[in-house]
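I have placed the structure first, in the form of structure tokens, so that the comments after it can refer back to it.
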Amino acid sequence: FFTRHMNALRMPPWGAPRLPGEPAPVVLYTNHPAWWDGAVYVIAGDLFFRDRQGYAPIDAEMLEAYGFMKRIGGYGIDLESARGAARFLAASADILLRDDSVIFLAAQGRFLDVRTRPIGLKAGVARLAEIAPHALFVPLAIEYQFWDQRGAEAFIAFGEAERGSDLLALPREARRDHL
């Protein structure tokens with residue numbers, strides 16, 4: 001589907017993921033510019049995280065509407081309630097027990113233009129360091145550009161990995177701002 005509707009997926013040479021050698025689960029947190037992000041997650045998983053089992057929290061209503069997402073690692077969350085936040089943390093904690101897991105997390109929780117500042121990450125991404133201090137936290141920036149063609153080009157770049165235990169040195173709100 002991606003190759004039929006997009007012209008390219010591009011990544012600068014400096015933008016490839018760099019993970020330490022020892023095994024650890026990965027929280028790959030991203031901005032959320034478009035519904036194409038899910039396709040980018042699948043491609044990034046195949047290219048860079050082939051030896052890992054991928055998961056992605058998805059709005060529970062969307063997961064019910066698009067049930068196939070459960071088969072490819074989607075797990076439902078309610079973005080608007082404390083109970084939903086608790087379920088997100090519990091499900092993510094179970095996933096992050098496995099060193100071969102990667103969670104693809106649209107940390108903004110909603111579609112937002114890449115130029116929007118502040119970025120506005122949901123609090124849950126900062127809380128994940130508390131429940132999985134052994135995990136690696138890796139930022140991924142995503143952008144789409146149509147130029148003068150019908151099909152867009154997708155651009156991605158990974159940032160430096162950080163250990164959850166290192167993030168815990170920061171208070172929760174400062175941790176979210178740091179991420």
Side-chain angles (χ1 to χ4, degrees), residues 1-59 62-63 66-77 88 91-115 119 121-122 124-125 128-129 132 134-147 149-164 166-167 179:
F1 188 79
F2 187 91
T3 56
R4 274 199 328 256
H5 298 284
M6 291 289 220
N7 291 337
L9 175 66
R10 301 194 187 279
M11 182 183 68
W14 52 263
R18 295 166 304 282
L19 302 179
E22 67 274 3
V26 173
V27 176
L28 189 70
Y29 63 99
T30 75
N31 60 324
H32 196 20
W35 65 268
W36 279 103
D37 300 348
V40 169
Y41 294 167
V42 170
I43 293 168
D46 285 347
L47 291 173
F48 304 109
F49 302 99
R50 187 175 296 261
D51 57 339
R52 295 177 178 272
Q53 179 65 46
Y55 299 90
I58 299 169
D59 180 271
M62 294 300 290
L63 190 62
Y66 301 100
F68 75 91
M69 291 181 178
K70 291 177 188 173
R71 293 191 307 273
I72 60 171
Y75 57 104
I77 59 168
F88 161 72
S92 297
D94 287 343
I95 291 166
L96 294 171
L97 289 172
R98 297 183 32 218
D99 285 341
D100 69 340
S101 64
V102 57
I103 294 178
F104 294 87
L105 177 61
Q108 291 176 310
R110 63 189 172 107
F111 296 129
L112 259 146
D113 186 292
V114 298
R115 297 165 291 193
I119 293 171
L121 302 184
K122 293 286 218 179
V125 68
L128 287 178
H134 58 291
L136 296 171
F137 287 73
V138 180
L140 171 62
I142 304 172
E143 166 70 292
Y144 304 96
Q145 187 57 253
F146 282 89
W147 308 111
Q149 301 175 22
R150 184 173 76 90
E153 293 185 18
F155 300 89
I156 63 172
F158 295 85
E160 292 294 324
E162 295 183 84
R163 291 216 169 276
D166 294 336
L167 293 170
L179 291 169

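In this view, Arg10 and Glu153 satisfy the side-chain hydrogen bond (donor to acceptor under 3.5 Å, both in side chains) rule, not counting sequence neighbours.
At a threshold of 4.5 Å between non-hydrogen side-chain atoms, the residues Leu136 and Pro20 count as touching. Here the side chains of Lys122 and Phe88 are not in contact, with every heavy-atom distance at 4.5 Å or above. Side chains of Thr30 and Tyr41 form a contact here, defined as non-hydrogen atoms less than 4.5 Å apart. Between Asp51 and Asp100 the shortest side-chain heavy-atom distance does not fall below 4.5 Å.
Atoms OH and CG, on Tyr29 and Leu121 in that order, are 7.5 Å from each other to the nearest 0.5 Å. Taking CG of Leu128 as the start and CG of Leu96 as the end, the distance is 6.5 Å to the nearest 0.5 Å. Rounding to the nearest 0.5 Å gives a distance of 7.0 Å between CD1 of Ile77 and CG of Asp59. Rounded to the nearest 0.5 angstrom, Arg52 CZ and Leu28 CG are separated by 10.5 Å. Within the model, atoms CD1 of Ile43 and CZ of Phe48 stand 10.5 Å from one another, a figure rounded to the nearest 0.5 Å. A distance of 3.5 Å separates OH of Tyr144 from CG of Asp37, quoted to the nearest 0.5 Å.
In plain terms, the two heavy atoms of Phe2 and Ala154 that are nearest each other are CZ-CB, 3.9 Å. Heavy-atom minimum distance, Gly54 versus Phe104: CA-CE1, 4.2 Å. Met69 and Leu63 make their closest contact through CB-CD1, 3.6 Å (heavy atoms, listed as atom of the first residue, atom of the second, distance). Scanning all heavy atoms of the two residues, the minimum distance from His134 to Asp99 falls at CD2-OD1, 4.4 Å.
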Steps toward side chain to side chain donor-acceptor pair (under 3.5 Å) verdict (Ser92, Tyr75): CA-CA 9 Å; Ser92 297; Tyr75 57 104; 2.8 Å; yes
Set out, in order, the CA-CA distance, both residues' side-chain angles and the distance that settles side-chain contact (heavy atoms from CB on, under 4.5 Å) for Phe49 and Leu19, then state yes or no. CA-CA 10 Å; Phe49 302 99; Leu19 302 179; 3.8 Å; yes
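Around CH2 of Trp35, the count of heavy atoms belonging to other residues, nucleotides or ligands within 6.0 Å exceeds 12.
Note on ring orientation: taking the six-membered ring where Trp is involved, the planes of His32 and Phe111 are tilted (angle from 30° to 60°).
Evaluation of the side-chain hydrogen bond (donor to acceptor under 3.5 Å, both in side chains) test over residues 11-22, restricted to residues two or more places apart or in two chains, returns Arg18-Glu160, Glu22-Arg163.
Remark: of the listed residues Ile119, Asn31, Ile142, Asn31 is the sole one forming a side-chain contact (heavy atoms from CB on, under 4.5 Å) with Val114.
In this structure, Phe1 has its ring center closer than 6.0 angstrom to the ring center of Trp36.
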